[in-house]
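Structure first, commentary second.
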Amino acid sequence: MKPAPFRYFAPTSLDECVGLLDEHGDEAKLLAGGQSLVPMMNFRLAKPAVLIDLNGVAELAYVEETSSGGMRIGALTRQRALERDPELRRRNPLLAEAIPYIGHFQIRNRGTVGGSIAHADPAAELPAVLCALDGSIRVRGGGGERTIAAVDFFQTYFTADLGPDEVVTEIVLPQWHSGDGWAVQELSRRYGDFALVGVVCRLRVDAEGNVTDGAAALFGVGGAPVVPEAVAQLVGTRAEEPTLAAVSAAVAAELDPESDVHASASYRRHLARVLTRRALSEAYARTNGGTG
Amino acid sequence: MTREQLIRGEGQFIADLPDADCRWVAFVRSPHAHARVLSVLPPEGARDVTLVTGHDLASSIQPLRVQAPGLNVYDWHPMHPERALFVGDPVAAVVADSPYEAEDLADAVRIEYEPLPAVTSLEAAAGNETTIHPDLSDNVLFKFALNEGAATEAFASADLVVERTFRYPRQTAVPLECRGVLARYDPREQRFTVWTSTQVPHYLRNGLSQILGVPEDDIRVIRPDVGGAFGLKAQLFPEEVILPWLARETGGALKWVEDRRENLLASVHAHEGTLTLGAAFDGDGNLRAVRARAEGDAGAHSVFPFGAGLDPFTTVINIFGAYRHEIAEIDATSYATNKAPAGSYRGVGQVLSVFAVERLLDIAAGELGLDPAEIRRRNLLRTDDFPHTTPTGNAFDTGNYQETLRMALARADYDGLRAEQRTAATAGKQLGVGVGTFNEVTGVTLYPGYDGARVRIAPDGTIQGFMSSASSGQGHAEVYGRLIAEELGVSRDRVQIVEGDTDLCPSGSGTYASRTAVTMGNTLTLASQDLRRKLLKVAALMLKFEGELSDARVERELTIADGRICLAEDPATGVDFDEVVQAAYLQTLDFALPQEIVEAGLEVTRYEKLPQNVFSNTAIVAAVDVDTETGHFEIRRLVMVGDCGRILDRETVDGQAIGGAAMGIGCGTLEQLAYDADGQLLTASLMDYLVPTAMEVPPIEVGHLETPSSVTRNAAKGMGESGTMGIPAVLANAVADALGAEVTELPLSEERIAGLAMGASSL
Amino acid sequence: MSARAALSLQVNGAAVDRDVEPRLTLADFLRNELKLTGTHLGCEHGVCGACTVLVDGEAVRSCLLFAVQAQGRSITTVEGLAQGADLHPLQRALLERNGLQCGFCTPGVLMTAMEFLENTSVPTREEIRKALSGTICRCTGYQGMVDAIAEIAGGDR
């Protein structure tokens, strides 16, 4: 399990990086945290002829507030840096809660936000958070800069709307509405493993405690995160049983998960229903109008 | 290495051995489960490539014919000259200057295969549509039966008969250190030196001698530090043959370090099989007769030295061993399939027998309206049953199984758990309680089953113990050193232990089947006691004893402690240990030493084989909280009370108990090798073959009872596998108890449990 | 930029300069080039944690980092823990608490715990188990390790 030979480039600016991508395109791979790519290279499942190491592009590591109160997170920001950011729980509690589910802390020490997004693992947390929160992804390439809504970006297994000459530069999250409730629910075979199924969600209520708005994203249930339409059925309710049960059953019905060595499609659908109900219930309890 | 050296990172594991003059070997492995190898060509454009195939190898080695009772014999080739028999089977080997370049070369070797139909299940193997070994037309590698028909009448007349078929998954030990071999050939001495990460250096030397066609004395096998083994490294592997053979062919030193993918694909697997188990009870819940039929999936080969019967034979021969019964009718069969060969993994065979027996007892208890603890109390052997011989011929010396169970139940507050179960119910959460009681076969006397120890005091007073065992990280050297130090009355730090070098150590079995305390420890005690008597006799002469110096007399009249040998009746009169050693070697004495002392100096080599296997016993109680919606469960309490006779070293025993229990949690809940219908391994990484992390292992509470063995000299019974064999069964009982459902298959995945909770139909 | 790259870094406090092939992992660089064989390889795909070292104080898998990526960094391996004859207190605690058997995972456990202890005061056993969950041990059942880390951290129990 030793990687095949490659040519190595370590650009120090985004411009240089984009230039290298333009030059090497298809035969190049971008190396960020390396926590997914390097295992594949060690297994020789990936044998890029050219490796462009982003780790020297310091301009891509940042967490900033947008003019509209949202967040811009640079692609090279380490997951661990977010986890340690004392402001994150206030700025975006859902993201803050989801981060520690990514692997183990040694993985998060290296793993980056942009790497996780570009890798587009359908069982990963960050893509789902972006989808649930109407986030977007900014990329740059030879053709300039593009911004893609997260729900459009993730296409299928390990495949995103990202050209061979493009690099993810940042993710953008809209402002977190204080008073919103949130939840992360996932089940994995072991602590730190990829989820068999996971759910992230956000709910907003009015002064009477009726749901006015909300969204969820499920992961591990197909090729890309799924943002179920049925969550909208909670609007106008207090997210009580039997509504919750009906909504989570409707969510599960929207899914088309696959079977693998860890779980069958039918168990994944079952789990999606159970975890969706728990997540929505927990999120509601955390709203300022919730009973919790 | 000492533990302090290990903790400094100064261990010398196989990959760490100096290798400046080594070239590196990489293997090209079959991507097909079953295929004819049509051609093997070097990389395009490559010149001067060292590339060897099974064909090359076959022309200068003898295939091995693994033999043992019940085994069907065929030719085993380290690399088959014509066919690949499983995914990962080595088809060719290449040599390069670094591990990176060796892999590059292996990647580029061009091989043409003709895929053949693959046999990937017991059913398909028994169905006999495809033959894996031409000599074995029915794919049967092993067959054994005992007491055929003996239980028929007892079953017909029983008040209650319960019978179920239990399935155990395919698993593998995953020692954290993979395997590895460094081989040198000295052309002047015509001698091989093979460093390998093994548990069985002497077996290896024997197997290599047979295959390479050279005398055993021309092969030196050395075991460096071993980073865990758990049974996996107790067999002869193809790479251990190919490296020395190739070292001789190429005239240089060669190294290969297995990577994790190879380890999961192509070392050995274990445990997979089915057991159809029946038990006949009278109306009071007393067990009368049992009937057990095991079938094992042995994979592509019968591996040396234990052969393909290992798991299923061990399953049936130990069936219901801890419980009173008069009749046992057993049989076991192993089939060849196109999967990695089956070898050993902690809990051999008994993982399945304990799972099935303990589940079946709970099922019977349910039928009889008995509490699971009560049916065990009624049937466990009682102290006055010992010595006891089971209907399958196992002989037990001593035991207090009832007390072990009582202690475990008390410590876990079994009655309190049951009371909580009756009263406190939370929606979606169920408390389950599981009990299991069993004994563990240790110090197996087969193949060949003896061990050898040489204990020596050098003229400078250094004490060395040379052992036939080859520990793989259990820390046995500490225990050996203390045993010798105690017998010789010196401090522990004067004793050095040497293991795992066939040139230096006496021949013997190695380290497996929890044999260390009992067979190795027994032999070491024997050698140390002999050496002590030599010392005592020299001291007696120095102290001017008159008359005959019998063993009994010197043991009676002298004491040896704290580096001094003294008169028992007058401790002030004595001689120093070092004076005695000097006297024995330099003989600057005013009297002549008798020939028995002069001969071999202060050195004793003894070999011994126990008259019978030795059985320790364990009781386990587990309490689990099951989430009946997701199928996830948490272990709330896990109490193990073991009785391994006299405890030689508490820390080692606790380490084995808790470590074995963690592995049991893995075997019971996570570990499963999965092949698809084409024979592709779907779990060839540690992302997919799941072993427990610290988060999956709750606090494990360990208790001890010490009922001395009457068979071993040190009163110890072997231990080390009880947690691995017992915990899957007890967790299954606890989950079944929580759900009121039957569990007959492992592992206890969330999906399996959720399915049971919902009555299986909805998943 | 393809064949070999110059590399300068600190390892256990000493400056090291080498030319390396870009594909050489940091683990193999430490083991093969510097003969620091205390860093072990147990899986080479980032699961087992045996190869964990500190890079600028952070615990990372050295099998998933190329040596060239450590340019200018400061690496600490297990060989850097003891001060001559004196073991690091955590090493001593692991010895005394039955926290190792075969010793193969031990270096990774130590380096993982070093960062954890640096960043956590008075952890619970649950937090210690979480921190250890990225390093696999097949021998001990982890209990001795948790005890040792709890002792050093002055944690509960």
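Residue numbers start from 1 in every chain, and the chains themselves are labelled A, B, ... in the order their sequence lines are given, proteins ahead of strands.
- For the 3.5 Å distance criterion, the side chains of C/Ser74 and C/Asp56 fail to qualify, holding no donor opposite an acceptor.
- Among B/Ser685, B/Pro175, B/Ala229, B/Pro18, the residue with the largest count of heavy-atom pairs under 4.5 Å with chain C is B/Ser685.
- Ion pairing between a basic and an acidic side chain is recognised when a charged N comes within 4.0 Å of a carboxylate O; C/Arg23 and B/Glu103 show no such pairing.
- With a 4.5 Å cut-off on non-hydrogen atoms, C/Tyr142 touches chain B through its side chain but not through its backbone.
- By the 30° and 60° cut-offs, the orientation of the rings of B/Tyr345 relative to B/His271 is parallel.
- In this structure, the portions of C/Val78 lying under 4.5 Å from any heavy atom of chain B include both its backbone and its side chain.
- If you check the side chains of B/Asp654 and B/His704, you find a donor sitting under 3.5 Å from an acceptor.
- Interface remark: C/Leu81 contributes no atoms to any contact with chain B (heavy atom separation under 4.5 Å).
- Nearest approach of B/Ala477 to B/Ile497, heavy atoms of both residues: O-CG1, 3.6 Å.
- Neither the backbone nor the side chain of B/Asp225 comes within contact range of chain C; no heavy atom of the residue lies under 4.5 Å from a heavy atom of that chain.
- Using modelled atom types and a 3.5 Å distance limit, the side chains of B/Ser471 and B/Glu499 yield a donor-acceptor pair.
- Your options are C/Glu126, C/Lys130, C/Arg92, C/Glu79, and the one with the most heavy-atom pairs under 4.5 Å with chain B is C/Lys130.
- Within 6.0 Å of CE on B/Met687 lie no more than 12 heavy atoms contributed by other residues, nucleotides or ligands.
- Under a 4.0 Å N-O distance rule, the pair C/Arg31/B/Asp16 qualifies as a salt bridge.
- Counting heavy-atom pairs closer than 4.5 Å to chain B, the top-ranked of the candidates C/Thr39, C/Val109, C/Ile136 is C/Ile136.
- Of the listed residues (B/Val174, B/Leu176, B/Val226), the greatest number of heavy-atom pairs within a distance under 4.5 Å of chain C belongs to B/Leu176.
- In this structure, no portion of C/Leu36 lies under 4.5 Å from any heavy atom of chain B.
- Only the backbone of B/Ala173 comes within contact range of chain C, with heavy atoms under 4.5 Å apart.
- Heavy atoms closer than 4.5 Å to chain B are found in the side chain of C/Glu44, but not in its backbone.
- Of the N and O atoms on the side chains of B/Gln199 and B/Ser472, not one donor lies less than 3.5 Å from an acceptor on the other residue.
- For B/Phe13, the part sitting under 4.5 Å from any heavy atom of chain C is the side chain, from C-beta outward, and nothing else.
- In this structure, chain C has heavy atoms under 4.5 Å from both the backbone and the side chain of B/Val697.
- Of the listed residues C/Asn98, C/Val47, C/Leu41, C/Leu132, the one with more heavy-atom pairs under 4.5 angstrom with chain B than any other is C/Asn98.
- When each of C/Asn32, C/Thr106, C/Asp28 is checked for heavy-atom pairs under 4.5 Å with chain B, C/Asp28 comes out on top.
- With respect to chain B, the highest number of heavy-atom pairs below 4.5 Å among C/Gln143, C/Lys35, C/His40 belongs to C/Gln143.
- B/Tyr689 contributes a side-chain N or O that, together with a main-chain N or O of B/Thr172, makes up a donor-acceptor pair within less than 3.5 Å.
- Using a 3.5 Å distance cut-off with no hydrogens or angles, the side chains of B/Thr2 and B/Glu4 do not pair a donor with an acceptor.
- In this structure, chain C has no heavy atom under 4.5 Å from any part of B/Ala661.
- In this structure, SG in C/Cys139 is found 8.0 Å from CE in C/Met145, a value given to the nearest 0.5 Å.
- Using a 4.5 Å cut-off between heavy atoms, B/Glu177 contacts chain C through both its backbone and its side chain.
- Heavy atoms of B/Leu264 lying under 4.5 Å from chain C are absent altogether.
- The residues B/Lys233 and B/Glu258 are annotated as not salt-bridged, no charged nitrogen and carboxylate oxygen being separated by less than 4.0 angstrom.
- For C/Ser133, the parts sitting under 4.5 Å from any heavy atom of chain B are the backbone and the side chain alike.
- In this structure, the portions of B/Gln656 lying under 4.5 Å from any heavy atom of chain C include both its backbone and its side chain.
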